[in-house]
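Everything quoted here is computed from the prediction, not taken from an experiment. Ligands are counted one by one from 1 in listed order, and the atoms in each one are counted from 1 as well.
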Amino acid sequence: MSQNRYLMESEEESIRLELKTDPRAMRRQARWAGIQKGMRVGDLGCGSGKTTYNLNRLVQPGGFSLGIDISPRRIGYAQDHYKAPGLDFALGDIRTPLEPHGSFDFIWIRFVLEYYRSAAFDIVRNVCSVLRPGGILCLVDLDYNCLTHFGLSPALERAMKGVMNHLEENADFDPYIGRKLYSYLYDLGFSEIRMDLSAHHLIYGPIKRNDLFNWVKKIEIAGRQSGYEFKEFHNGFEGFYAEFKAFFCDPRRFTYTPLIICRGKKPY
Ligand SMILES: C[S@@+](CC[C@H](N)C(=O)[O-])C[C@H]1O[C@@H](n2cnc3c(N)ncnc32)[C@H](O)[C@@H]1O
């Protein structure tokens, strides 16, 4: 995020985040990472609050969860939909000192570091200052983001690569953040580091409503924000957008995205 603006910001972003979260998968991942009853959890870059709510279910009884996000819209949405005893939300920027929010036994950061290609390691180091010694840090992100479709026309293939290259250069976005997570915990001296690799998207056959909404929104916002010129299409972005939508609705298309999870314990 080269500027102070979240790349995916839009009127519908809270809804997009809400629809794309699979509670069963993320609870399984958090259990794998070592979340336990009674813990104080920080969900950093919490989005709509759905992930915070689901993490909080895993720490009851006796636990507490705080979702922190830079966006007043996200925090407003989270408070309206998920605020409950033992679960709260606060505005905050994870690039700045987080001590006013207290310290945590378990910190979860999902799909946030990808927006900070040049600052991701500094962010991880910063959040470590509010993780208690022996506490668990769990980083969850994608690899080859948006670059693993099969069945694209040559024009669409070229444009997708162009969009992602532009986002890397102009918006500090990192389509390859997943593969870097291990080095962050390694370099910070974490112990008991464990990695997991699975498919976040695995899309073939007839399109599901939620996948269509998420991907079309993602491509619309990312495509517009990238500054890519879409010269492959006679009507520029509109041609690209229409062709991507047709590709994505075609049951022959195949799309996957690797999800990488890295968890470790902060040294005493
Ligand atoms: C793609 S969403 C992921 C939301 C949630 N973690 C999830 O997994 O659904 C990224 C979120 O990070 C937030 N964000 C971006 N930069 C941030 C920062 N510097 N500090 C706190 N939150 C940030 C955005 O507002 C957005 O809600």
Side-chain angles (χ1 to χ4, degrees), residues 1-30 33 35 41-56 65-82 87 89-101 104 106-127 129-130 137-142 145-146 167 171-175 177-178 181 198 200-201 210 213-215 217-222 225 257 259-261:
M1 207 158 86
S2 53
Q3 339 79 336
N4 247 352
R5 191 173 183 282
Y6 168 52
L7 176 67
M8 293 301 293
E9 195 56 63
S10 89
E11 286 286 332
E12 293 174 303
E13 181 59 359
S14 297
I15 295 292
R16 188 184 75 88
L17 295 174
E18 186 76 11
L19 292 179
K20 85 190 188 83
T21 294
D22 172 352
R24 271 191 304 178
M26 64 148 297
R27 288 206 298 263
R28 187 176 62 243
Q29 292 154 2
I35 198 167
V41 171
D43 180 9
L44 308 187
C46 65
S48 71
K50 188 171 183 176
T51 52
T52 326
Y53 168 81
N54 280 286
L55 293 170
N56 194 51
S65 304
L66 181 67
I68 296 176
D69 202 283
I70 199 170
S71 157
R73 275 188 189 166
R74 282 321 84 66
I75 291 300
Y77 184 98
Q79 277 170 336
D80 287 350
H81 291 81
Y82 293 113
L87 173 58
F89 298 94
L91 264 181
D93 183 340
I94 61 172
R95 294 167 296 181
T96 62
L98 295 167
E99 279 71 10
H101 300 291
F104 301 97
F106 185 94
I107 290 181
W108 168 271
I109 310 181
R110 187 180 88 143
F111 305 155
V112 185
L113 296 175
E114 62 192 2
Y115 296 97
Y116 295 99
R117 188 168 58 87
S118 55
F121 180 68
D122 290 337
I123 289 175
V124 175
R125 187 169 32 206
N126 181 49
V127 308
S129 60
V130 288
L137 177 59
C138 184
L139 308 176
V140 184
D141 243 306
L142 303 176
N145 199 340
C146 293
L167 289 176
D172 210 23
F173 185 78
D174 195 341
I177 187 75
L181 303 178
S198 59
H200 182 58
H201 307 115
N210 285 2
F213 178 76
N214 176 33
W215 271 93
K217 226 0 142 207
K218 206 165 138 119
I219 292 301
E220 179 193 344
I221 307 275
Q225 298 289 338
T257 316
L259 179 82
I260 298 187
I261 312 181

Name the option, out of Asp43, Leu7, Asp69, that contains the heavy atom nearest to atom 26 (C) of ligand 1.
Asp69
Short list, please: which atoms of ligand 1 are under 4.0 Å from a heavy atom of Tyr116?
15 (C), 16 (N), 17 (C), 18 (C), 19 (N)
I'd like to check whether Arg110 has a polar contact with ligand 1, where a contact means an N/O of the residue lying under 3.5 Å from an N/O of the ligand.
yes
Do ligand 1 and Glu114 have nitrogen or oxygen atoms that lie under 3.5 Å from each other?
no
Between Phe104 and Leu66, does a side-chain contact (heavy atoms from CB on, under 4.5 Å) hold up when you go through it step by step?
CA-CA 9 Å; Phe104 301 97; Leu66 181 67; 4.0 Å; yes
For Leu44, the option from Leu113, Ile109, Leu137, Thr52 that meets side chain to side chain contact (heavy atoms under 4.5 Å, CB included)
Ile109
Reported OG1-to-CG distance for the pair Thr51 and Asn56, which is rounded to 0.5 angstrom:
11.0 Å
At under 4.0 Å between heavy atoms, is it the side chain or the backbone of Ile70 that contacts ligand 1, or both, or neither?
both
Pull out every atom of ligand 1 sitting under 4.0 Å from any heavy atom of Ser71, numbered as shown with elements.
25 (O)
Once you measure the plane-to-plane angle for Phe89 and Tyr82, does it fall in the parallel (<30°), tilted (30-60°) or perpendicular (>60°) bin?
tilted
Indicate, as side chain, backbone, both or neither, the part of Ser48 found under 4.0 angstrom from ligand 1 when only non-hydrogen atoms are considered.
neither
Just do the salt bridge (charged side-chain N to carboxylate O under 4.0 Å, His left out) check on Glu11 and Arg73 with the steps written out, would you?
CA-CA 9 Å; Glu11 286 286 332; Arg73 275 188 189 166; 3.4 Å; yes
For ligand 1, which atoms have a heavy atom of Tyr115 less than 4.0 angstrom away?
1 (C)
What are the atoms of ligand 1, with element, lying closer than 4.0 Å to any heavy atom of Gly47?
4 (C), 27 (O)
Hey, what's the ring geometry for Phe111 with His200, parallel, tilted or perpendicular (30° and 60° as the breaks)?
perpendicular
If the contact criterion is a heavy-atom separation under 4.0 Å, does Arg74 count as touching ligand 1?
yes
So for atom CD, which belongs to Glu99, do other residues, nucleotides or ligands contribute more than 12 heavy atoms lying within a distance under 6.0 Å?
yes
Look only at interatomic distance and state if Asp93 has a nitrogen or oxygen under 3.5 Å from any nitrogen or oxygen of ligand 1.
yes
What residue among Ser48, Ser14, Cys46 forms side chain to side chain contact (heavy atoms under 4.5 Å, CB included) with Arg74?
Ser14
Give the numbers and elements of all ligand 1 atoms closer than 4.0 Å to a heavy atom of Gly92.
20 (N), 21 (C)
Passes side-chain contact (heavy atoms from CB on, under 4.5 Å), His81 versus Tyr53? Steps please.
CA-CA 10 Å; His81 291 81; Tyr53 168 81; over 6 Å; no
Ligand 1 atoms in contact with Arg95 (distance to a heavy atom under 4.0 Å):
19 (N)
Ligand 1 N/O within reach of Ile94 N/O, cut-off under 3.5 Å:
yes
Min N/O separation Gly45 to ligand 1 under 3.5 Å
yes
Rounded to the nearest 0.5 Å, what separates atom CG in Leu87 from atom CG in Asp43?
9.5 Å
